[in-house]
**Q** 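This is the structure I want to talk about, given as structure tokens.
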Amino acid sequence: MHKTPLLDQLESGPYPSFVTDLKRLLPTKPQVNDLLGQLERSYKEKITHWKHGGIVGVLGYGSGIIGRYSDLPNEFPGLEHFHTMRINQPSGWFYTSAAIRELCDIWDQYGSGVLNMHGATGDIVFLGTRTEELEPCFQALARKGFDIGGSGSAMRSPSCCVGPARCEWSCYDTLEACYDITQEYQFELHRPSFPYKFKFKFSGCPNDCVASVARADCSVIGVWKDDIRIDQSAVKAYAGGELKPRGGGSPYAKLDIQADVVELCPTGCMSFDGSTLKIDNRNCNHCMHCINLMPQALRPGTETGATLLIGSHAPILEGAQMSWVIVPFMEMEPPYDNLKEIAGNIMEWWAENGKNRERVGELILRLGMRNFLEALGLPPVPQSIKIPRANPFFFWKDADFEAEAAGKKYYTTK
Amino acid sequence: MHKTPLLDQLESGPYPSFVTDLKRLLPTKPQVNDLLGQLERSYKEKITHWKHGGIVGVLGYGSGIIGRYSDLPNEFPGLEHFHTMRINQPSGWFYTSAAIRELCDIWDQYGSGVLNMHGATGDIVFLGTRTEELEPCFQALARKGFDIGGSGSAMRSPSCCVGPARCEWSCYDTLEACYDITQEYQFELHRPSFPYKFKFKFSGCPNDCVASVARADCSVIGVWKDDIRIDQSAVKAYAGGELKPRGGGSPYAKLDIQADVVELCPTGCMSFDGSTLKIDNRNCNHCMHCINLMPQALRPGTETGATLLIGSHAPILEGAQMSWVIVPFMEMEPPYDNLKEIAGNIMEWWAENGKNRERVGELILRLGMRNFLEALGLPPVPQSIKIPRANPFFFWKDADFEAEAAGKKYYTTK
Amino acid sequence: MSEEAERITDIGPPHYSKFLPPVVKDNYGKWKYHEILEPGILRHVAESGDEIFSIRVASPRILTTLQARDLAEISDKYCEGFMRFTSRHNFEFLVSDKSKLEPLKAELAQRGIPKGGTGHSITNIVHTQGWIHCHTPAIDASGVVKAVMDDLFEYFGSHQLPAQLRISLACCLNMCGAVHCSDIAILGVHRTPPHIAHDKLRHLCEIPTTIASCPTGAIRPHPDKSIKSVVVNEERCMYCGNCYTMCPAMPLFDAEKGGVALLVGGKVSNAVNPPMFSRLAVPYIPNNPPRWPETVQAIRKIVIKYAEGANKWERVGEWIQRIGWEKFFEVCDIPFTFQHIDDYRWAYDTYRTSMHFKF
Amino acid sequence: MSEEAERITDIGPPHYSKFLPPVVKDNYGKWKYHEILEPGILRHVAESGDEIFSIRVASPRILTTLQARDLAEISDKYCEGFMRFTSRHNFEFLVSDKSKLEPLKAELAQRGIPKGGTGHSITNIVHTQGWIHCHTPAIDASGVVKAVMDDLFEYFGSHQLPAQLRISLACCLNMCGAVHCSDIAILGVHRTPPHIAHDKLRHLCEIPTTIASCPTGAIRPHPDKSIKSVVVNEERCMYCGNCYTMCPAMPLFDAEKGGVALLVGGKVSNAVNPPMFSRLAVPYIPNNPPRWPETVQAIRKIVIKYAEGANKWERVGEWIQRIGWEKFFEVCDIPFTFQHIDDYRWAYDTYRTSMHFKF
Ligand code: SRM
Ligand code: SRM
Ligand code: SRM
Ligand code: SRM
Ligand code: SF4
Ligand code: SF4
Ligand code: SF4
Ligand code: SF4
Ligand code: SF4
Ligand code: SF4
Ligand code: SF4
Ligand code: SF4
């Protein structure tokens, strides 16, 4: 056993300790002893002891495995190879105990017994195994119906919020969309052929519980077009204090509908006369605030679908971006042909024009939105911008002059 | 007389007509006949008929004259030369009738008799004369105490709002500051030696009546540090409708102090209980809104001075910029040594580092704020930013590591 | 003594104090409050109780010496010869003697000089040279201003709008009118890349400076080395004219393609909201002298929709911010085009990275 | 038949429907409302009147198979074996039978598994690999998370904050935790330029790709052409590590100079305000394993000042927006430095172009 005086200090305190948990594997998994030993060393030296990863994988796939080697293999032989396998999670991270046990059985057999539930992209992460175990482990997984997720310049495992499975606000079936899209792009998931990574995330409503706007090249967020459904008797119950704001999840016992809801509505489209709540739905921007605070009184409308936003990613290279609106509203019904068509066109345009390691959001900035939208056959819509350009540096194409010759006017249609 | 059927259509309508006015000069100024003739031609052809200007000037000066030649000199011989002279206006554009007549006498003698009162930078613009008239005209002006303004890569004629001469809100003496700075930089005004133009504008308060934030490389805007002065009895008079909002300059007969003032205060730092108005002055951002609406009840404080903002200019090249805060507060007392020192340092840094035709605001963006502030010996202050950086791409200098070694902490000083 | 030595230079402008009315000198920096007695008439009251009246009148900015002398004469009659111009090129009679106010108003009415431009009005249009003097304009300046102000005249001499509304005009992208922060900006735009006069270029222009002048890097040396000139990648040219400023052999005028763009929603003051840039509303309106009817009509539509829709005290940009740009385009019936979507520097910051939009 | 032909590939994940509890299947898409019965316990009610209870418990995300089996076992006992994980890596017991709720709570209490993470709490910290698996971290991940959550534990199992507060951690600028939109982001930062192993570089890296990888253009070919390597202009390097990702011969670790930066005020939801980026609050805190006390303390200070100062429902970023960043730095007692001032792309948009500041 390596001595781990520093790590041991992480065993105290009320939050569950990964150190305590890892130590449970010491009797059966010698590599976990080395893992703790090397980690202790990092704690002492304040430096990582993992080498730059090499390219390893399973037969026929080019992704899903992150190669990892210790830079102290002599001291920590169990870490000579310590690759992770990304296993594509089921939509919404639902499991049965049987499925969990199958995964554990496989991982106990072929790997370290250490898991990440889940990786930041959403995969089940099998943390630490040797090159020669990768293929048999994969086969064992496949026999139980699991497959490997993405890595490298490939499609990444899509993920989604719990959606219609347990949430009353979901404007489309996030779980099915996530599953269907994942199946559609199996080839792209497993065989890196893009300029860089590409991520899909599906949220059922603008609360965006999978943070898709921040970390998916393709963010699909549920939305409604019609009116917020109101139960005025429940409104009164909130006003009277019988129902607690936010389902009880706040420190505040009673809602002041005027101050807490009406005055915080970002569009100012609500009014409350003390008994009836009115919403000017044409001016609502579906921020969800009022619904969040009064879940028993308000619900999204029934003409539902999703908004397609494109382009978010972490800071490398151009600085972080959030996804922005490309299509304000689309129907979201299986087999999602409309989404697949747009997504396919995006990938094609990106594959043709993207530089190595250029996310699609960066490419759009480099080549311009017009280029992108025209390649996709999408019209310009004001919903896609917060605000029009301030600079007067804009282009005109022959198509514009032809449209003008044919009678197009910019100042008014009437 | 040239025929001007198109221009003649601009003689009708209630707004004063420049065509009507120009025609008054036809009897005495043949070049004005040509001016109208060529303008008519432009109206017909939708194109300018002025050639790219040449370099002309008065002895010893490199600026202040915009050379201009017609591209149809045969047709319009009066426009063969038609240079403008920029005459530095007096602070606040105050005149006596005597001064106006002196200017008119000179211009009738040496030029076209056509003026712009004033140019967009603020100068008196003498519109149209011949090269050989420039020097005598200048001498005649100088004898009457007037001098030429700026053009080209030079200091430009500073300008200022009416300030303490007629406005109760002026937080410093804009007229004197403008005059003093203009005198200080006579050399730089008349002998272009900068990378590009440099403009000063002085506004007495955040209403910024000379639009300095939008069109001055160096914007000096008055501000107070202490409390807004309140006359509670006048507040009551507004509440009661005896005093009209905005001094009577609006369509609204009566102020609703709660809705019109308190709720629109951008910082939410006001409250009104129906009779007394309270301001949490530490949280006021001196937007002027409340003062503007209740000029008889509220006035800026008495600990006054100015904020220095740097960098605004029109869109060429990098897109338009507004000036941003560099020094949140500075005393503004003659001889303005503090302002001159900073301005001098800015010009020196810019002269050393600026590319040809690079405004100082663009240079700061190119080289970074730290470079700029360090060159000026100014500390970083949160008032200079709206919001800190979102990207994690920041630099560390040896000076920082040395400060750390000496005990500097970033997370808290306690 | 040489003649040169006698020349007076670098004296700067006269000191303003020579031009201040006595009441201003006496109460300099000691004004207490002001009132707007009626459109165009300000009353400033000093702590001493003294008062001064200012009558603001419209000016086309181009003034002949004859007109300037007329104004001086009126000032002599009613203002002891004191007057000023404003930062927006209006003219102000400075009346110290209250009894002169009514006679002055009468004389102005009789002479047809309109007063206004105060408070919630549309004051004078800050503008530029246009075809009367400049070499780069896409449109005229004074003519467009006259046409627009004639049309909006009812708003100059009244306080009927929800707030101040400031219109500016610049005849090319150099934006001498600094229109980039105006409630409504009228901007002359070219729409053709420069026509290069290869034979003249070598004599008139420095090739490296010309190349460096292009914000989008569209200019390259001529591929044929024997031709000492440049070529323009027309796809990357957005007709800013900056190369023409540097090099007279690159004019970019086109009688048919030039025209007007409208930008809206800018402001300068800090009242309620911080200063804001104007934003592209209408990318192109044909150049239509002498009265630019389509431009006039498009501006009127925006003014009217603003007047109808804005809350009390809301500037144009604040109104649009509140209702959302998508609603602005809808109510003003302006088609949304590719040109509205930014693709220059910092474009990303203009994209909608949220669900905060309206259908 | 070859062995390869028998291999199962590209089957994707199992269909989620295999894992849904019957009550979910029955009421799929027909939920009506929810309540949060107490911290960590959700009750969802369907239109049919059916209900499901979810107990959310903390997870360090790293789980051994032993721990995963324990969770499975508990699920068998109280949840017919149904469970899920959340998007923030908490674990949820899905209870269909209300009578199992109290016994499950008791068992969790006895096992020391804390419930919480709902409503106005500080839920689990989304985080990354750190020293346990990655080759680029400046800090550890799981250890910092443990230390911070121990300290903020009172907020995990309660609803006492003005709103939700989401903390995320990423161990390097790659930001796998996607911390760029978090109320509080803990970020590992390097502060030294890469140390180039000139002898290895030619074998391990492609020089053009390496040069292209640098966001600031700091990398150039080695001036000595005989050395097939690169050099770094250290003045332009901001230690992002992107070159190291492309080229293993350019490590940039330094035991003493690496450390923690804190960014604050980001959010993802659209509630009231649109999504916002997190912004630099503390540029550097020393790397101090095993419990990073200065980091823990700095975060606590921000949390406490937020809790004291925010209005009802205000997220951290909304609170700061209301009071102003200058006040945030003041109340949290964080010195303002050059590092806070943006100098990357779009920096200009972060400058204060108005008088809207407080002294
Ligand atoms: C395992 C995981 C972190 C975790 O502990 O959960 C991870 C780990 C790595 N990420 Fe990541 N990323 C992981 C989710 C993310 C996310 C979050 C997400 O997907 O929602 C992001 C931010 C969103 C995005 O895609 O931008 C993310 C942004 C990056 C980046 C920067 C990309 C950018 O455009 O800025 C890199 C750098 C790169 O690609 O070279 C990166 C690179 C890496 C590498 C491969 C390191 C490298 O430079 O080659 C890391 C391997 C670590 C290891 O040894 O295991 N990782 N990475 C996550 C994947 C697990 C899974 O499949 O579920
Ligand atoms: C006369 C005047 C317009 C007017 O009708 O009033 C004017 C006229 C010209 N301006 Fe201007 N600018 C005038 C005020 C401005 C302003 C407004 C201001 O100063 O407040 C601006 C915007 C603020 C700014 O400085 O950015 C302005 C921004 C420009 C620019 C773009 C600068 C930029 O950084 O984007 C140019 C282009 C250039 O410098 O080459 C320019 C260039 C020009 C030139 C010299 C044309 C050129 O390309 O060489 C014009 C000569 C016209 C002529 O034939 O008379 N002019 N110019 C104004 C000066 C009169 C005066 O001295 O009072
Ligand atoms: C005379 C003049 C200054 C000068 O030195 O020439 C001036 C004079 C006054 N301004 Fe101004 N402003 C003058 C140009 C401006 C400008 C500059 C511009 O338009 O280019 C601005 C910034 C405009 C912008 O934001 O785009 C300006 C923004 C203000 C404001 C803020 C209005 C707002 O709500 O945004 C006030 C406050 C108010 O009106 O209550 C103000 C208030 C005033 C007061 C009431 C100040 C006072 O106490 O005397 C003066 C009379 C206002 C009136 O006419 O209603 N002044 N004022 C300028 C008259 C221009 C004209 O002929 O129309
Ligand atoms: C279970 C989970 C979805 C999943 O598929 O796993 C989920 C579930 C719910 N979310 Fe969420 N959210 C979940 C991650 C998120 C995220 C993503 C994140 O944090 O990375 C966000 C965006 C956070 C942000 O803005 O930075 C998110 C923003 C919200 C909001 C908006 C809160 C706000 O005011 O900004 C609500 C509305 C509310 O709480 O009233 C919400 C509401 C809800 C409701 C009430 C929806 C419903 O009716 O069932 C669920 C219970 C909330 C609770 O726990 O208080 N959910 N929710 C995720 C639980 C994570 C965890 O373990 O703590
Ligand atoms: S994103 Fe919306 S639909 Fe999905 S779980 Fe969150 S609140 Fe429910
Ligand atoms: S969802 Fe948001 S914008 Fe719409 S009514 Fe509710 S609070 Fe207002
Ligand atoms: S800027 Fe302020 S001080 Fe100057 S005139 Fe305008 S309101 Fe008065
Ligand atoms: S000046 Fe502006 S911020 Fe200050 S109290 Fe008045 S309205 Fe509020
Ligand atoms: S805006 Fe352009 S065309 Fe008009 S005066 Fe200025 S430089 Fe000349
Ligand atoms: S007009 Fe502007 S964009 Fe076009 S070539 Fe000339 S400088 Fe470049
Ligand atoms: S954030 Fe950086 S160090 Fe941490 S796992 Fe991701 S790539 Fe590795
Ligand atoms: S660490 Fe980043 S900034 Fe520094 S040289 Fe490498 S890629 Fe360039």
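Numbered from 1 within each chain, the chains take letters A, B, ... in sequence-line order. These values consider heavy atoms only, across backbone and side chains, with no hydrogens, waters or symmetry-generated copies.
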**Q** Indicate yes or no: does D:Arg191 engage D:Asp254 in a salt bridge with an N to O separation below 4.0 Å.
**A** no
**Q** Can you tell me which of D:Ile302, D:Leu280, D:Val282 forms the most heavy-atom pairs within a distance under 4.5 Å of chain B?
**A** D:Leu280
**Q** Are D:Arg352 and D:Phe357 in a cation-pi contact, defined as NZ or CZ under 6.0 Å from the six-membered ring centre and within 45° of the axis?
**A** no
**Q** Taking B:Arg389 first and then D:Asp343, would you say they form a salt bridge - that is, a charged N and a carboxylate O separated by under 4.0 Å?
**A** yes
**Q** Counting only non-hydrogen atoms closer than 4.5 Å, does D:Phe329 touch chain B with its backbone (N, CA, C, O), its side chain (CB onward), both, or neither?
**A** side chain
**Q** Please classify the contact between D:Tyr351 and chain B as side chain, backbone, both or neither, with a heavy-atom cut-off of under 4.5 Å.
**A** both
**Q** Please classify the contact of B:Asp400 with chain D as side chain, backbone, both or neither, using a heavy-atom distance under 4.5 Å.
**A** side chain
**Q** Walk me through it: do B:Asp227 and B:Arg282 pass the test salt bridge (charged side-chain N to carboxylate O under 4.0 Å, His left out)?
**A** CA-CA 8 Å; B:Asp227 297 354; B:Arg282 297 285 61 73; 3.5 Å; yes
**Q** Does some side-chain heavy atom of D:Pro215 sit less than 4.5 Å from a side-chain heavy atom of D:Tyr344?
**A** yes
**Q** How about B:Tyr410 and B:Trp396: are their ring centres within less than 6.0 Å of each other?
**A** yes
**Q** Strictly below 4.0 Å, N to O, side chains only: are D:Lys267 and D:Glu318 in salt-bridge contact?
**A** yes
**Q** Of the backbone (N, CA, C, O) and the side chain (C-beta and beyond), which part of D:Ser354 lies under 4.5 Å from a heavy atom of chain B, both, or neither?
**A** backbone
**Q** When heavy-atom pairs shorter than 4.5 Å are enumerated against chain B, which of D:Trp346, D:Phe328, D:Phe359 gives the highest number?
**A** D:Phe359
**Q** Go through B:Gly311, B:Pro266, B:Ser312, B:Pro328 and name the one with the most non-hydrogen pairs under 4.5 angstrom from chain D.
**A** B:Pro328
**Q** Go through B:Leu365, B:Leu367, B:Leu373 and name the one with the most non-hydrogen pairs under 4.5 angstrom from chain D.
**A** B:Leu365
**Q** Which one, B:Val213, B:Leu309, B:Val381, leads in non-hydrogen pairs under 4.5 Å with chain D?
**A** B:Val381
**Q** Could you check whether the rings of D:Trp292 and D:Trp131 sit parallel, tilted or perpendicular, using 30° and 60° as the cut-offs?
**A** tilted
**Q** Where on D:Tyr348 is there a heavy atom nearer than 4.5 Å to chain B: the side chain, the backbone, both, or neither?
**A** both
**Q** For each of D:Ala298, D:Pro286, D:Pro283, tally heavy-atom pairs with chain B at distances under 4.5 Å, and name the one with the top tally.
**A** D:Pro283
**Q** Under 4.5 Å from any heavy atom of chain D, what part of B:Val325 do you find: side chain, backbone, both or neither?
**A** both
**Q** Does any heavy atom of chain B fall under 4.5 Å from the side chain of D:Ile341, the backbone, both, or neither of them?
**A** both
**Q** Please determine if D:Arg300 and D:Asp151 form a salt bridge, counting it only when a charged side-chain N lies under 4.0 Å from a carboxylate O.
**A** yes
**Q** Side chain, backbone, both or neither: which part of D:His356 has an atom under 4.5 Å from a heavy atom of chain B?
**A** both
**Q** Report yes or no: does B:Ser219 contribute a side-chain atom to a donor-acceptor pair with the main-chain N or O of B:Ile310 at less than 3.5 Å?
**A** no
**Q** Would D:Lys257 and B:Phe401 count as a cation-pi pair here, with the cationic atom under 6.0 angstrom from the ring centre and within 45° of the axis?
**A** yes
**Q** When only pairs under 4.5 Å are counted, which of B:Glu318, B:Lys397, B:Glu374 shares the most heavy-atom pairs with chain D?
**A** B:Glu374
**Q** If you measure from the Lys or Arg side-chain nitrogens to the Asp or Glu carboxylate oxygens, is any gap between D:Asp150 and D:Arg291 under 4.0 Å?
**A** yes
**Q** Any Lys/Arg nitrogen of B:Arg299 or B:Glu168 sitting under 4.0 Å from an Asp/Glu carboxylate oxygen of the other?
**A** no
**Q** Need one label for D:Leu263: side chain, backbone, both or neither, based on atoms under 4.5 Å from any heavy atom in chain B.
**A** side chain
**Q** Measure distances from D:Glu234 to the heavy atoms of chain B and classify the residue's part below 4.5 Å as side chain, backbone, both or neither.
**A** neither
**Q** Please rank B:Ile364, B:Asn371, B:Asn283, B:Asp208 by heavy-atom pairs under 4.5 Å with chain D and give me the top one.
**A** B:Asn283
**Q** Highest number of heavy-atom pairs under 4.5 Å with chain D: which of B:Pro392, B:Ser384, B:Ala390, B:Pro388?
**A** B:Pro388
**Q** Examine whether an atom of B:Gln321 lies under 4.5 Å from a heavy atom of chain D, and if so say whether it belongs to the side chain, the backbone or both; otherwise answer neither.
**A** both
**Q** Could you tell me which portion of B:Cys284 (side chain, backbone, both or neither) has an atom closer than 4.5 angstrom to a non-hydrogen atom of chain D?
**A** backbone
**Q** Sort B:Ile221 into side chain, backbone, both or neither according to what part of it lies under 4.5 angstrom from a heavy atom of chain D.
**A** both
**Q** For the rings on B:Trp350 and B:Tyr196, is their centre-to-centre separation under 6.0 Å?
**A** no
**Q** Counting only heavy atoms closer than 4.5 Å, note whether B:Ile387 contacts chain D via side chain, backbone, both or neither.
**A** both
**Q** Would B:Arg370 pass as a cation-pi partner of B:Phe395, given that its NZ or CZ must be under 6.0 Å from the six-membered ring centre and within 45 degrees of the axis?
**A** no
**Q** Non-hydrogen atoms of chain B under 4.5 Å away: do they reach the side chain of D:Met175, the backbone, both or neither?
**A** side chain
**Q** Can you tell me which portion of D:Ser278 sits under 4.5 Å from chain B's heavy atoms? Options are side chain, backbone, both or neither.
**A** backbone
